[in-house]
Structure formats: structure tokens, C-alpha cells
There are 2 protein chains.
Amino acid sequence: MSTPVGRRELNKAANREAIAGAALAFLRNRALNEFTVDDVAAEAGVSRRTFFNYFSSVEAAVASFTQDYLDSVITALEARPVDEPILESAQLALADVGSPHDLAVLAETFALTQDPALGRFQLQAWDECTVKIADVARRRLPQGTDELYINAMVGAVVGAGRAAIVVWHERNGTDTSPTSLAQLRELLATAIALIRNGFQS
Amino acid sequence: MSTPVGRRELNKAANREAIAGAALAFLRNRALNEFTVDDVAAEAGVSRRTFFNYFSSVEAAVASFTQDYLDSVITALEARPVDEPILESAQLALADVGSPHDLAVLAETFALTQDPALGRFQLQAWDECTVKIADVARRRLPQGTDELYINAMVGAVVGAGRAAIVVWHERNGTDTSPTSLAQLRELLATAIALIRNGFQS
DNA sequence: GTGCAAGTTTGCACTCAATGCAAACAAGAA
DNA sequence: TTCTTGTTTGCATTGAGTGCAAACTTGCAC
């Protein structure tokens, strides 16, 4: 992957970040229907129309954080050796990923899921993630592996992974101290282990 | 549960059905942005304002079908004996549920998931279902069962269940012949079995 | 630098979603 | 009938979202 960094790309990245950040900032203080796209655009130093060049709604802007986190997980997963058992790869990828800052934002946006309109977009991010992971799994598992096996496994992993984050968030709120983050990694690892071993108990 | 059936309740149910049905009817022929709420309201024989008394958007109206299906699954699950292993209950509840007509509509709305705006609302229905099933599981499993265990199991079951429907839909499209439906039940059963036994292979 | 091509932002105009409110209307109970 | 309560409807208002064309910025070649 090349990294062509001209002013064009930099400006776009900066705008995108400014807009998403501004949206999140507003949500810290007010509910979704208590401010407008104009407000966010102004805060981001950009016109209303430009806002919509980047995101189709405030909800989408906020969901971009979740998308970015999940993409980083997928990148980590793809970096694992292909001969490693795939669920072990998943476990290790999850253990590695996420700077404290990124996880803090993840926890924060997770809290916002209370608002259904925001929640929908987060769910969509998870769903897209599921599709992408299924592609990775399809490439790594033996040719001709049953599609049900692949999709059920990935669906289960993502479902259980999300459950781990839900439980973590319920226990720790938006605390992202090293201790709390260690607990998150632990929960994620346990969740994947459950998928590997089944719920036969 | 009482069943107080006056004209009031009947009218409301009829309106609700008419609106959701009209929305689905439009989507059979046109894309989401090719018709308006006014169109749907007119088709349903109701004012625009009344449309919004029932659903907050066309997307929500369409998602009501998925909601209803998932609610019926939950009802079936709650009807299973409490001493049955819970994943067996899940398997059996899924096997029983859904008239051919309901499953036909489910398959149809599933196809519409291509449109992200519609997909988001469907995902939300699945998510609400996850929460409700977690409540059922919490009541049935021994007191003090780890929340991670409960949520991961339910997340996995729902994720794998949805995967089964996705695979079924990819293989059979909107074919809801008895043969096709038998395949769906089979896929669902296999998916749950995978969750029970794990992906250790 | 100058000038040109391609990409990006912005303002404007327009349609339509979504909600509050109050008046009209329908249903059930006395 | 009459009264009460729940439901529908029209009207008015705000703001989301998009198409379009003009202004502006960047990259590139000379």
C-alpha cells in the first residue's frame, strides 16, 4: 500500500476528523435533536454543504469512530500468520488492538447507543465488519468450507465480541484506565474462547 | 394476557398493517428514495400525519415485519419447558416458528437489506431481539451466571441465526416452497448446533 | 512563476421528513 | 343522548439531504 500524502489528502483527512470530532463534542453536552448539522459544520469550520460531502448525517459521522476501530481490528487480523487457527488469530488480534485513546472514544460512542438513531449506525458498522471478517475467514479456511460454517462462526465471533464490550461498558462505564482496559481484553479473550469451546456446559 | 378487542384496537391494528403493507408494496417496485411518505399514506388510505403516528419512517414500517417475526420466535422460546437445556430450546423454538407466509415476508424484507437505510432498521430489530433473549436466558440459567457468559451466548446465537438466514437467502432467494423452508430450518438447527459444540475443528 | 486540468468547497434552491398543536372525529360507558 | 377519552387529520414550522454551478485549491507541466 502506497501512502501518497499531498495537501489534498491531508486536508480531506483533517476535515473528516474535524467534522466527526465536532459531532461527538456536541453529543457530549446535548441530545441528538438538540443541535443541527449547521451547528456541527460551524464548529468544524466548514460549510453545511461540506459536512454532507463527508457524512450523510450526524449519526454517520459518529459511527465513523466505531468503523475505524473495527477496521483496525480487521487489519490486525489480516496481519496474523495464515497457518494459525483462525479463532486464535481473532483472540490475538483483539488483544493487540486499540490505543487507550481509541478505546476511550469507543467506550464513549458506545454509551451514546442509548439513542436509537445513533445505535442503528453503530450496528451497521458492526454488520459491515462481519462481512469483511467473513471475507478474511473465507480466504484462510480450506477451500470449499461450508458457507454456513464460515458465516455462523463469524456471526458468533462478532456477536460475542460485541457482547464482551457491552458487559465491559456496563461494568466500567467510560473508565479507560490501564486496569479497565486489561479487563476489556480479558473479556474479549473469554468471549472468543467460549465460541471456540461451545456452550455445552 | 388479556385480549381486549374493541373497534379501537381493531382499527389500530388494521391501520398499522395497511401502512406497513403499503410501504412494502412500494418497495417491491421502486427504490426507497423513489417514493414518499405521502405516497405510502395515500396507498394505505390514511393521512400523512397518521403514518407518523404509527411509524417514524418508511424504514421503520418495513422493519416491523422483522420485529414481528423475531417476537414470535421469542414467544416460542418462552413457551419451552424451563428445565430443557437452553440451546436445545432455541433450536426447537426456531424449528417450530413461522408460517410460510411470514417466512416469505421475512425473506422478502431480507432482500431489501441491500439498501443501507433499510438495513439499519432491520439490524436494530435483531439487536432488540438479542436484548430480549438475554432476559429470557437470564431467567432460565442458574442465578449468578456470569453476565459475559449469558451475553456472549445470546450474541453468538443471534449472530449465527442471522447468518443461517443470510446463507439461506443467498441460496434460495425468495423461494419459500416447503422444500426451501425445510432447508431454512435445517440451516438454523445446524447453526445453533455449531454454537453448542464450538468451532474447535 | 504561469497556466491548465482535476479535485474540493461553498452557496443557493428545492423537496420532503418529522414533529407540535389544536380542531374534528369516532368509540365506549353511563 | 351526552360525556369522556382516544384517534385522526390539517396546518405550520424546522431542518435534513441533494443537485447544481460558481468559486476556489491543489498538483503538474512547461
Side-chain angles (χ1 to χ4, degrees), chain A residues 2-24 26-27 29-64 112 115-121 124, chain B residues 2-24 26-27 29-64 112 115-121 124:
Chain A
S2 61
T3 315
V5 173
R7 207 144 255 121
R8 284 233 147 99
E9 335 282 330
L10 288 177
N11 285 345
K12 286 192 77 169
N15 271 350
R16 197 183 172 77
E17 223 174 306
I19 293 171
L24 184 56
F26 270 101
L27 280 169
N29 306 323
R30 310 146 80 135
L32 187 54
N33 55 352
E34 291 174 345
F35 60 96
T36 70
V37 169
D38 290 81
D39 295 332
V40 176
E43 178 76 17
V46 113
S47 82
R48 166 192 172 73
R49 195 58 186 79
T50 296
F51 176 100
F52 285 111
N53 284 346
Y54 284 89
F55 300 105
S56 65
S57 64
V58 172
E59 297 91 307
V62 173
S64 72
L112 299 172
D115 185 318
L118 291 170
R120 278 192 283 276
F121 278 78
Q124 195 173 34
Chain B
S2 62
T3 314
V5 173
R7 206 145 254 120
R8 286 237 146 94
E9 333 283 330
L10 287 178
N11 285 344
K12 285 191 77 168
N15 272 349
R16 197 183 171 76
E17 222 175 307
I19 293 171
L24 183 55
F26 270 102
L27 280 170
N29 306 320
R30 307 144 82 135
L32 186 56
N33 56 352
E34 291 174 345
F35 60 96
T36 71
V37 170
D38 290 84
D39 296 332
V40 176
E43 177 76 17
V46 113
S47 82
R48 167 190 177 72
R49 195 59 186 81
T50 297
F51 176 100
F52 284 111
N53 284 348
Y54 285 88
F55 300 104
S56 66
S57 64
V58 172
E59 297 91 305
V62 173
S64 73
L112 299 172
D115 186 317
L118 291 169
R120 276 193 284 276
F121 279 78
Q124 194 173 34

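Keep in mind it's a predicted model, so treat the numbers as computed, not measured. Just the heavy atoms: all of them, side chains too, but no hydrogens, waters or symmetry mates, feed the values below. Letters A, B, ... mirror the listed sequences (proteins, then strands); counts begin at 1.
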* To do: Whole angstrom is fine here: how far is it from CZ in A:Phe121 over to C1' in D:dA16?
  => 12 Å
* To do: Decide side-chain contact (heavy atoms from CB on, under 4.5 Å) for A:Lys12 and A:Tyr54; before the verdict, give the C-alpha distance in whole Å, the side-chain angles of both, and the deciding distance to 0.1 Å.
  => CA-CA 9 Å; A:Lys12 286 192 77 169; A:Tyr54 284 89; 3.6 Å; yes
* Asked: Quick one: are B:Leu112 and B:Leu24 in side-chain contact, heavy atoms under 4.5 Å?
  -> yes
* With a 4.0 Å cut-off on heavy atoms, is B:Phe55 in touch with a base, just the backbone sugar-phosphate, or nothing at all? -> nothing
* Value in whole Å for how far the C1' atom of C:dT19 lies from CG of A:Asn33 -> 10 Å
* Distance in angstrom units between B:Leu32 CG and D:dT18 P, rounded -> 11 Å
* **Touch class at under 4.0 angstrom, heavy-atom based, for A:Asn53 against every strand present** => base
* Under-4.0 Å side-chain N/O to phosphate OP1/OP2 contact, B:Asn15 with D:dT8 -> yes
* Asked: Rounded to whole angstroms, how far apart are CZ on A:Phe51 and C1' on C:dG11?
  -> 17 Å
* Structure fact -> Which of C:dA17, D:dT9, D:dA16 is nearest the side chain of B:Ser47? It is D:dT9
* Please give, in whole Å, the distance from C:dT15 C1' to A:Phe52 CZ? -> 14 Å
* Taking only N and O in the side chain of B:Thr50, is any of them less than 4.0 Å away from OP1 or OP2 of D:dT9? -> yes
* Distance in angstrom units between B:Glu9 CD and D:dG6 C1', rounded -> 10 Å
* **Closest-nucleotide 5' rank along DNA chain C - winner of B:Asn11 and B:Thr36** => B:Thr36
* **5'-most by nearest nucleotide on DNA chain D - A:Arg7 or B:Gly45** => B:Gly45
* Asked: Does OP1 or OP2 of D:dT8 have a side-chain N or O of B:Tyr54 closer than 4.0 Å?
  -> yes
* Asked: Hey, does A:Arg8 reach any base, or is it just sugar-phosphate, or nothing, if we go heavy atoms under 4.0 Å?
  -> base
* To do: Kindly determine whether B:Val58 and B:Phe26 satisfy side-chain contact (heavy atoms from CB on, under 4.5 Å), including the steps that lead there.
  => CA-CA 10 Å; B:Val58 172; B:Phe26 270 102; over 6 Å; no
* Structure fact -> B:Arg48 CZ to C:dT15 P, in whole Å, measures 14 Å
* Structure fact -> B:Lys12 atom NZ is separated from C:dA26 atom P, nearest whole Å, by 17 Å
* **B:Val40 vs B:Phe51, side-chain contact (heavy atoms from CB on, under 4.5 Å): CA-CA, chis, key distance, verdict** => CA-CA 8 Å; B:Val40 176; B:Phe51 176 100; 3.8 Å; yes
* Going by heavy atoms in the side chains, are B:Phe52 and B:Ser57 under 4.5 Å from each other? -> no
* To do: Mark yes or no for a side-chain to base donor-acceptor pair under 3.5 Å between B:Arg49 and C:dG20, with no hydrogen or angle criteria applied.
  => yes
